[in-house]
J.: 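Below you will find the structure I want to go over with you.
Throughout, protein chains are lettered first and strands after them, A, B, ... in sequence-line order, and every chain is numbered starting at 1. Model, not experiment: these values are computed from the prediction.
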Amino acid sequence: MTTTSEQTATDVDRSIGNYLLAHLREYGLLLALIAIMAFFQIATNGTLLKPVNVTNLLLQNSYIVIMALGMLIVIVAGHIDLSVGSVMGFVGALAAVMIVEFDQSTGVTFVICIAAGALIGAAQGYWVAYWGIPSFIVTLAGMLVFRGASLWLLEGQSLGPFPREFQMIANGFVPDIFPAGLGETIASLLGERRVNMLALLTGVVAASLVLWLELKKRAQNRAYGMDSEPPAFFWARVGIISFALVFILFKLSTFRGLPNVLLTMGVLTILYAFFTERTVTGRRIYALGGNIKAAKLSGVKTARLTFLAFVNMGVLAAIAGMVFAARLNSATPKAGFALELDVIAAVFIGGASMSGGVGKIVGAVVGAFLMGVLNNGMSILGIGIDYQQMIKGLVLLAAVIFDVYNKSKQA
Amino acid sequence: MPALLEMRGITKEFPGVKALDQVDLSVDSGDILALVGENGAGKSTLMKVLSGVYPAGTYDGEIHYDGALAQFSGISDSEARGIIIIHQELALVPLLSIAENIFLGNERATGGVINWRETEARTADLLDKVGLSEAPRTLIDKLGVGKQQLVEIAKALSKEVRLLILDEPTAALSESDSQALLDLMLELKAQGVTQIIISHKLNEVRRVADKITVIRDGTTVSTMDAVTEEITEDRIVRDMVGRDMAARYPARDRRAGSEIMRVRNWNVFHPVHADRQVIRDVNLTVRAGEVVGIAGLMGAGRTELAMSLFGRSWGQGISGQVELHGHVANVSTVSSAIAAGLAYVTEDRKELGLVLDEPIQRNISLANLEGISRGQILQDAEETRVAEEYRAALNIRTPGVFQRVVNLSGGNQQKVVLSKWLFAEPDVLILDEPTRGIDVGAKFEIYGIINDLSAQGKGVLMISSEMPELLGMCDRIYVMNEGAFVGELTAEEASQEAIMSLIVTD
């Protein structure tokens with residue numbers, strides 16, 4: 001046993017360097033987001049973080065974030081889904097037809113649209129999972145089919161407007177449940193015109209939750225003396241995340257409060273992060289993507305899981321489709337065009353691996369916002385769409401090169 | 001006849017292992033030399049040294065070829081001198097034609113444009129020489145293994161071969177295809193092509209060889225002249241296996257309990273070629289606390305048997321019955337096989353056993369995630385605790401269970417795979433080459449783990465290509481050849497000679 005303890009001792013000596021090397025990707029992503037935000041905040045003379053712009057930023061990127069959750073799972077499972085932009089457009093069109101032409105209620109429309117998304121995901125996942133047809137091909141076909149299907153549904157025209165109730169999915173805000181007097185008192189204390197207490201408290205609660213969970217995880221790692229993050233890193237990271245949560249929600253609270261979409265996005269993100277990291281099924285998806293043969297020989301039902309990953313992707317694309325249509329207040333045949341590329345880019349920027357088995361929900365969400373801030377910042381600065389595309393392309397390439405380089409250094 | 005090839009005092013070391021130790025080998029011009037030895041004796045390594053896969057300078061000793069000292073820097077170098085190896089796994093591109101395969105990398109072309117007329121005319125000549133009546137444009141995947149083997153030989157002939165080396169050429173061939181191939185070898189000999197055949201099949205060796213060289217544990221044991229001496233299979237077998245069994249196996253209290261597993265009339269067909277039966281009417285039993293071995297040569301169907309039993313992970317058209325504790329068990333999928341109490345430790349831990357990029361603890365829990373969950377929710381602390389427990393129990397040498405398994409040595413990786421299956425709490429473990437590619441120290445530890453399992457009353461079915469290992473560990477050994485069990489030996493009856501003679505006389 002002496003060799004073991006010697007190894008552990010030398011390991012501790014190198015731990016800070018190793019730790020940084022092993023987690024460079026995660027810190028890098030966070031630092032990149034902060035750096036980009038700081039840059040645009042200065043370059044736009046503070047416009048970027050104005051409450052109205054923060055609200056916009058969240059709304060503009062909500063459907064990408066929602067789909068990135070599903071795409072992360074598909075990519076971790078070792079596949080890809082190119083059809084999500086088209087499926088999203090198709091479901092938006094379906095919603096518009098049901099509501100505007102057939103006068104269905106928002107509730108019925110919502111349920112049918114989700115079911116349609118699930119069915120589309122199942123139809124594509126079936127061929128991938130049970131017939132072994134490459135997902136690239138199947139979903140490329142799906143991309144064409146559903147782009148055509150939305151054109152057909154809408155007969156080439158935009159269809160709208162939606163009733164207020166449906167628009168609320170994207171443009172509504174959660175009403176402040178706290179007495180108005182409390183908000184006004186706080187507002188005057190902070191020197192703001194108004195403060196939405198629900199939004200502000202959500203930020204505080206979220207920040208506390210992050211702090212509590214991180215401390216718990218740290219204690220657990222400590223108990224086994226493994227892989228513990230140096231204290232300075234820990235506090236810096238947790239501090240930045242907590243501060244950012246409170247800061248963003250404070251900004252929102254001085255505008256119109258908590259957008260419905262942010263609530264949806266937040267709840268979905270937490271659910272999917274929990275699902276991927278803490279449940280048996282989530283774990284099996286990582287194993288399947290990491291080594292499908294070994295997973296299969298360990299009793300993982302690989303075909304079924306692959307199938308379900310696509311069904312889930314379809315459902316999330318349907319939700320995104322409704323959010324998108326509600327936000328524009330109409331369904332257009334072009335809705336979601338080329339959006340699959342933004343979604344896939346977000347997942348890869350967030351650290352997922354093309355070969356499967358690696359990637360985190362939080363990474364994908366941060367990746368989506370990183371792209372979102374770039375888009376938004378460049379638009380405010382009046383940079384043309386031509387340069388925007390080029391810059392986004394290079395950012396994606398840089399992120400993946402960084403990944404590959406980092407991995408080769410570790411090995 | 002002068003020697004075409006003479007290898008003198010070849011020594012090749014890998015980190016921690018001496019694969020070849022002062023090997024001498026010589027082939028006379030126009031002769032056929034048979035190179036025989038057990039799996040892992042060093043035959044393939046020797047041929048890799050000869051062909052330049054291990055270039056000059058990475059080994060000690062001298063190669064004299066065609067009267068001069070040869071120092072090959074790579075395969076293309078040795079091929080240019082007329083030394084061509086046909087490997088056991090054929091290296092043909094299935095979706096290209098015979099002609100395209102024969103001239104792959106050696107295209108008949110002017111200025112990059114292929115001359116198809118010449119290519120096909122020359123192919124037709126070559127096919128004629130090897131006695132294969134197929135059109136040059138036929139795709140390789142339309143041919144059976146026997147014919148593919150002939151295409152490989154035609155390819156070798158297209159390169160002005162002087163020394164042709166055939167590595168287990170008949171391993172995958174039927175009896176009549178084997179005979180045809182041996183005839184072709186004799187015909188090539190008549191045309192003056194010097195050949196080396198690596199084979200386990202001693203009757204074939206005796207039929208074609210002029211000389212037989214036996215290698216064992218990386219050294220040359222003997223060279224016999226088949227023309228002048230009377231050579232019996234017994235004599236070859238004795239030289240192949242004749243080593244004393246040192247105390248390399250920890251002692252075990254051998255006490256078999258009641259029967260826990262019985263397989264009846266197990267038949268399996270090839271997953272692609274539905275008419276090829278790979279496992280024939282296998283019947284076996286395993287008792288509690290018993291370590292049962294399955295001996296056989298490569299390609300005998302041992303892994304295929306194990307994987308087909310374990311949730312039908314291999315093959316199709318499977319028939320037969322598996323009983324566990326006297327009841328018919330459902331082993332139709334991997335998860336039901338695990339639930340029924342089976343575990344299978346694969347021979348290929350990197351490809352089939354581990355998720356290499358994931359940490360140790362996640363690999364250990366993979367086959368029994370329910371065991372570390374409450375409801376469907378994983379308990380991280382419990383997972384770490386379990387992993388730590390196995391790390392200590394099996395002495396997995398690692399700074400921590402958060403290490404990715406890709407960073408571990410072979411022996412420690414194998415312990416992680418074993419931990420995974422121990423945590424799944426099986427009644428019967430099928431161990432497929434459990435000590436392949438790991439060092440002697442780790443081997444000993446793994447034997448200790450196997451003994452512990454038997455002491456706990458579990459049944460162990462162990463497949464190994466290392467016969468001493470089977471003899472040292474097993475209470476009973478089934479001998480397998482060409483998909484069927486050809487004999488069963490108790491520990492007292494078993495010897496390497498007994499096993500080998502069951503195989504070669506089958």
Side-chain angles (χ1 to χ4, degrees), chain A residues 1-15 18-19 22 216-217 219-228 274-304 353 355-359 407 410-411, chain B residues 307 310-311 313-314 333-339 343-346 348-359 361-363 365-373 375-381 383-385 387-388 391-392 395-404 406-407 417 420-421 424:
Chain A
M1 292 307 286
T2 36
T3 43
T4 313
S5 52
E6 276 163 22
Q7 275 170 357
T8 315
T10 48
D11 190 66
V12 167
D13 291 340
R14 289 187 316 221
S15 73
N18 278 348
Y19 192 86
K216 205 175 115 182
K217 201 163 125 195
Q220 208 182 81
N221 285 351
R222 276 271 171 86
Y224 292 99
M226 303 290 160
D227 213 21
S228 63
F274 183 80
F275 169 75
T276 52
E277 285 174 35
R278 293 294 307 277
T279 67
V280 169
T281 313
R283 172 67 63 82
R284 286 185 173 149
I285 293 172
Y286 281 88
L288 147 75
N291 184 347
I292 186 166
K293 291 179 194 161
K296 205 169 182 175
L297 279 175
S298 299
V300 175
K301 295 196 165 77
T302 50
R304 184 191 293 176
S353 152
S355 51
V358 178
K407 201 168 178 188
Q410 274 184 57
Chain B
M307 288 185 73
F310 188 63
S313 327
W314 194 92
T333 65
V334 174
S335 44
S336 61
I338 295 172
Y344 170 63
V345 175
T346 162
D348 188 347
R349 60 182 164 264
K350 287 187 178 171
E351 277 288 310
L352 306 176
L354 294 166
V355 186
L356 287 172
D357 276 331
E358 292 211 333
Q361 52 170 358
R362 286 186 166 213
N363 273 286
S365 61
L366 184 59
N368 184 16
L369 286 172
E370 284 76 13
I372 54 153
S373 308
Q376 282 289 297
I377 313 231
L378 299 170
Q379 305 298 313
D380 291 349
E383 180 171 49
T384 309
R385 191 191 63 73
E388 286 288 349
R391 171 194 170 183
N395 194 18
I396 302 172
R397 286 184 202 86
T398 164
V401 294
F402 295 104
Q403 284 286 320
R404 296 191 304 159
V406 69
N407 297 329
V417 180
K420 169 169 85 175
W421 289 112

J.: Rounded at 0.5 Å granularity, tell me how far CG in B/Asn363 sits from OG in A/Ser298.
T.: 8.0 Å
J.: I need the residue from B/Arg362, B/Gln379, B/Lys420 with the largest number of non-hydrogen atom pairs under 4.5 Å to chain A.
T.: B/Arg362
J.: Find the one option among A/Ala287, A/Gly289, A/Gly290, A/Gly282 whose heavy-atom pairs under 4.5 Å with chain B are most numerous.
T.: A/Ala287
J.: Is it the backbone or the side chain of B/Gln361 that comes under 4.5 Å from a heavy atom of chain A, or both, or neither?
T.: neither
J.: What distance separates B/Leu356 CG from A/Asn291 CG, expressed to the nearest 0.5 Å?
T.: 7.0 Å
J.: Mind checking the CD-CG spacing from A/Glu277 to B/Asp380? Nearest 0.5 Å is all I need.
T.: 8.5 Å
J.: Which region of A/Tyr286, side chain (C-beta onward) or backbone (N, CA, C, O), has a non-hydrogen atom less than 4.5 Å from a non-hydrogen atom of chain B, or is it both or neither?
T.: both
J.: Is the shortest distance from a Lys or Arg side-chain nitrogen in B/Glu358 or A/Arg283 to a carboxylate oxygen in the other one below 4.0 Å?
T.: no
J.: Measure B/Leu354 against the heavy atoms of chain A and call it side chain, backbone, both or neither at under 4.5 Å.
T.: backbone
J.: Where is the tightest heavy-atom contact between A/Gly299 and B/Ser335, given as atom of each residue plus distance?
T.: O-CB, 3.6 Å
J.: Heavy-atom cut-off 4.5 Å, strictly under: side chain, backbone, both or neither for A/Val358 against chain B?
T.: neither
J.: With a 4.5 Å cut-off on side-chain heavy atoms, are A/Val280 and B/Ile372 touching?
T.: no
J.: How long is the straight-line distance from CH2 of B/Trp421 back to CG of A/Leu297, given to the nearest 0.5 Å?
T.: 7.0 Å
J.: Between the side chains of B/Glu351 and A/Lys296, is the shortest nitrogen-to-carboxylate-oxygen separation below 4.0 Å, so that they form an ion pair?
T.: no
J.: Between CG of B/Asp357 and OG of A/Ser353, what distance do you get to the nearest 0.5 Å?
T.: 8.0 Å
J.: Using a 3.5 Å distance criterion without hydrogens, assess whether the side chain of A/Arg278 forms a donor-acceptor pair with backbone atoms of B/Ile377.
T.: no
J.: Heavy-atom cut-off 4.5 Å, strictly under: side chain, backbone, both or neither for B/Ser336 against chain A?
T.: neither
